[in-house]
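Next up is a structure, given as structure tokens.
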Amino acid sequence: MTTATAIVAGHGLALRRSLLLSKPSCASFSARALPPAAHCCRTVAATPSRTCRCRSVSSESSTAAAADTADEEEPKSDAEEYEDEEEVDPLAEVCYLDPEADAEGIREWELDFCSRPILDARGKKVWELVVCDATLSLQFTRFFPNTSINSVTLRDALASVASSLGVPLPDRARFFRSQMQTIITRACNELGVKAVPSRRCVSLLLWLEERYETVYSRHPGFQAGTKPLLTLDNPFPTSLPENLFGDKWAFVQLPFSAVREEVESLERRYAFGAGLDLDLLGFELDENTLIPGVAVESSRAKPLAAWMNGLEICAMEVDTGRANLILSAGVSTRYVYAGYQKSAATTQEAEAWEAAKKACGGLHFLAIQENLNSDGCVGFWLLLDLPPPPV
């Protein structure tokens with residue numbers, strides 16, 4: 001196959017080859033060496049006095065520089081980091097709305113309703129409702145005994161979020177546990193809210209990580225080593241529906257500065273796609289750091305982007321063992337999105353793509369284009385690989 005150049009959204013991304021989606025083909029991808037990303041959680045406010053940034057992902061100018069810094073100063077442990085933050089009462093519940101937020105403009109919530117690694121006075125697991133919006137301008141938590149877990153309890157609790165904070169009920173509520181779909185959907189339907197199963201609950205997932213360290217693990221009833229009651233599904237990937245096939249695909253890269261530009265201009269430039277709040281999530285990568293992604297060419301790019309837009313796409317990964325590209329969507333859907341011809345070279349290149357994604361804190365993207373040589377996208381999705389929450 002002849003060499004092709006793919007341009008994603010006018011940023012001039014050079015590709016070695018384009019890959020046919022309809023049959024296996026040879027991939028070529030060259031990733032710049034990136035130092036390991038640094039992860040740091042900050043304490044979430046349990047009172048209306050402050051908000052948080054969920055984590056920090058940064059890149060140093062070189063691995064050697066990072067090593068020199070490590071020699072000069074030992075990194076703080078998580079416990080030492082939290083000593084610098086305001087102490088959080090593990091028994092307190094959160095009811096917070098940023099006074100500068102547009103309450104009427106918060107039209108989507110993210111929620112979790114599940115047990116916690118905490119025992120009550122009866123020796124039974126405590127359940128908790130956690131609600132936030134994508135910017136963490138709205139934060140709400142409430143504990144429940146395990147005897148009152150049903151859709152009526154959840155419906156009333158969600159209604160109390162709106163009444164307590166003086167905000168309208170949202171149009172949509174995302175949740176990421178498939179096991180709670182019946183209860184959550186029923187409760188939301190009774191309130192006129194659309195329940196959306198989706199792992200694009202990024203702010204919620206990262207907030208739960210923080211609450212594990214700052215709240216649950218400090219609770220007097222905390223049970224160390226307790227496994228989550230409702231684990232996330234990770235089913236074997238199935239065949240991609242016919243309407244989701246493109247014509248070609250390619251591994252691509254965008255500088256972090258360009259990714260920011262795409263996210264900031266997403267709503268006015270594309271009808272389809274989804275971004276992430278990079279500032280809230282604490283991404284402090286160098287502007288020239290290359291973010292890995294996948295570009296897809298289709299002669300019916302707009303219909304394809306429209307169908308993809310309804311999937312709640314959350315991540316893409318390479319299965320090097322089977323030489324497949326895997327697309328994850330919703331809460332428990334995984335598709336074999338494409339295949340490539342397996343060889344030592346393509347395996348190395350796929351591993352380099354995954355390594356680049358890991359070095360960027362899991363950040364990557366999907367772009368749909370009418371032609372890999374065009375200077376714009378029909379759809380652009382910023383994606384984030386996240387580990388399952390500890391609860």
Check: Roughly how far apart are C132 SG and L204 CG, rounded to 0.5 Å?
Finding: 5.0 Å

Item checked: Q369 side chain vs C377 backbone, donor-acceptor pair below 3.5 Å -> no

Item checked: Pairing of K357 and D385 as salt bridge, 4.0 angstrom limit -> yes

Check: Judged by atom type as modelled, is there a donor-acceptor pair below 3.5 Å linking the side chain of W353 to the main-chain atoms of G293?
Finding: yes

Note to self: Using the rule given for side-chain contact (heavy atoms from CB on, under 4.5 Å), can you reason through F251 versus V294, listing the C-alpha separation, both sets of side-chain angles and the distance that settles it, and then say yes or no?
What the structure shows: CA-CA 5 Å; F251 286 131; V294 171; 4.2 Å; yes

Notebook entry, point to check: Step by step, would you call K194 with D171 a salt bridge (charged side-chain N to carboxylate O under 4.0 Å, His left out)?
Noted result: CA-CA 6 Å; K194 182 179 180 180; D171 299 325; over 6 Å; no

Next item on the list: For residues L136 and D133, report the shortest heavy-atom separation together with the two atoms involved.
Entry: N-OD1, 3.0 Å

Next item on the list: Flag the pair V167 / W109 as yes when at least one side-chain heavy-atom distance between them is below 4.5 Å, and no otherwise.
Entry: yes

Notebook entry, point to check: Side chains of S160 and S163: is there a donor and an acceptor less than 3.5 Å apart?
Noted result: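 Side chains of S160 and S163: no pair found under 3.5 Å.
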
Next item on the list: Please confirm whether F380 and F272 have ring centers closer than 6.0 angstrom.
Entry: no

Item checked: Exceeds 12 heavy-atom contacts within 6.0 angstrom, atom CD of E287 ->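 Yes, because the 6.0 Å sphere around CD of E287 holds more than 12 heavy atoms from other groups.
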
Next item on the list: Identify the heavy atoms of S343 and T346 that sit nearest to each other, and give their distance.
Entry: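 So the two residues come closest at N-OG1, 2.8 Å.
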
Item checked: Derivation of the side-chain contact (heavy atoms from CB on, under 4.5 Å) call for L311 and T333 -> CA-CA 9 Å; L311 290 181; T333 301; over 6 Å; no

Checklist line | Backbone of L372 reached by a side-chain donor or acceptor of E297 within 3.5 Å | finding: yes

Item checked: K342 side-chain N/O to G321 backbone N/O, donor-acceptor pair under 3.5 Å -> yes

Checklist line | Whether over 12 other heavy atoms sit under 6.0 Å from R142 CZ | finding: yes

Notebook entry, point to check: What about L382 and V196, same hydrophobic cluster or not, with Ile/Leu/Val/Met/Phe/Trp/Tyr joined at side-chain heavy-atom distances under 4.5 Å?
Noted result: no

Next item on the list: Kindly say whether A134 contributes a backbone atom to a donor-acceptor pair with the side chain of S203 at under 3.5 angstrom?
Entry: yes

Note to self: Checking the side chain of T153 only, and the main-chain atoms of S148 only, is there a donor and an acceptor separated by less than 3.5 Å?
What the structure shows: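 Pair found, side chain donor or acceptor close to backbone of S148.
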
Notebook entry, point to check: Going only through I, L, V, M, F, W and Y residues with side-chain contacts under 4.5 Å, is there a path from L208 to F143?
Noted result: yes

Item checked: Of L383, V252, L276, the residue whose pairing with F365 passes side chain to side chain contact (heavy atoms under 4.5 Å, CB included) -> V252

Margin query: Under a 4.0 Å threshold between the charged nitrogen and the carboxylate oxygen, would E312 count as salt-bridged to R174?
Written below: yes

Check: Where is the tightest heavy-atom contact between N324 and G339, given as atom of each residue plus distance?
Finding: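 Shortest heavy-atom separation between N324 and G339 comes out as OD1-CA, 3.8 Å.
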
Checklist line | Under 3.5 Å donor-acceptor, S164 side chain and V161 backbone | finding: no

Next item on the list: Please indicate whether E190 has more than 12 foreign heavy atoms, meaning atoms of other residues, nucleotides or ligands, lying under 6.0 Å from its CD.
Entry: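 Result for CD/E190: enclosed.
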
Margin query: E108 vs R200, test: salt bridge (charged side-chain N to carboxylate O under 4.0 Å, His left out). Steps then yes/no.
Written below: CA-CA 12 Å; E108 293 187 356; R200 289 193 68 90; over 6 Å; no

Margin query: Do N146 and R122 pair up side chain to side chain, a donor and an acceptor below 3.5 Å, judged on atom types alone?
Written below: yes

Notebook entry, point to check: Can you list the steps and then say if T141 with W207 is a side-chain contact (heavy atoms from CB on, under 4.5 Å)?
Noted result: CA-CA 11 Å; T141 70; W207 189 21; 3.9 Å; yes

Check: Near R322 CZ, under 6.0 Å, is it more than 12 heavy atoms from other residues, nucleotides or ligands?
Finding: no

Check: Would R211 and L206 count as a side-chain contact (heavy atoms from CB on, under 4.5 Å) if you check the C-alpha gap in whole Å, the side-chain angles of each, and the deciding distance to 0.1 Å?
Finding: CA-CA 9 Å; R211 285 185 63 76; L206 294 176; over 6 Å; no

Next item on the list: Could you tell me whether R116 and E128 have a side-chain N and a carboxylate O separated by less than 4.0 Å?
Entry: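 Yes, R116 and E128 are salt-bridged.
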
Notebook entry, point to check: Between atom CZ of R199 and atom SG of C314, what is the distance when rounded to the nearest 0.5 Å?
Noted result: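 Result: 6.0 Å between the selected atoms.
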
Next item on the list: Could you tell me whether the side chain of H364 and the main chain of M316 form a donor-acceptor pair under 3.5 Å?
Entry: yes

Next item on the list: Could you grab the distance from atom CG of L386 to atom CZ of F176, nearest 0.5 Å is fine?
Entry: 10.5 Å

Next item on the list: Say whether, by atom type as modelled, one donor and one acceptor occur between the side chain of D120 and the main chain of K125 under 3.5 angstrom.
Entry: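 No; zero donor-acceptor contacts below 3.5 Å.
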
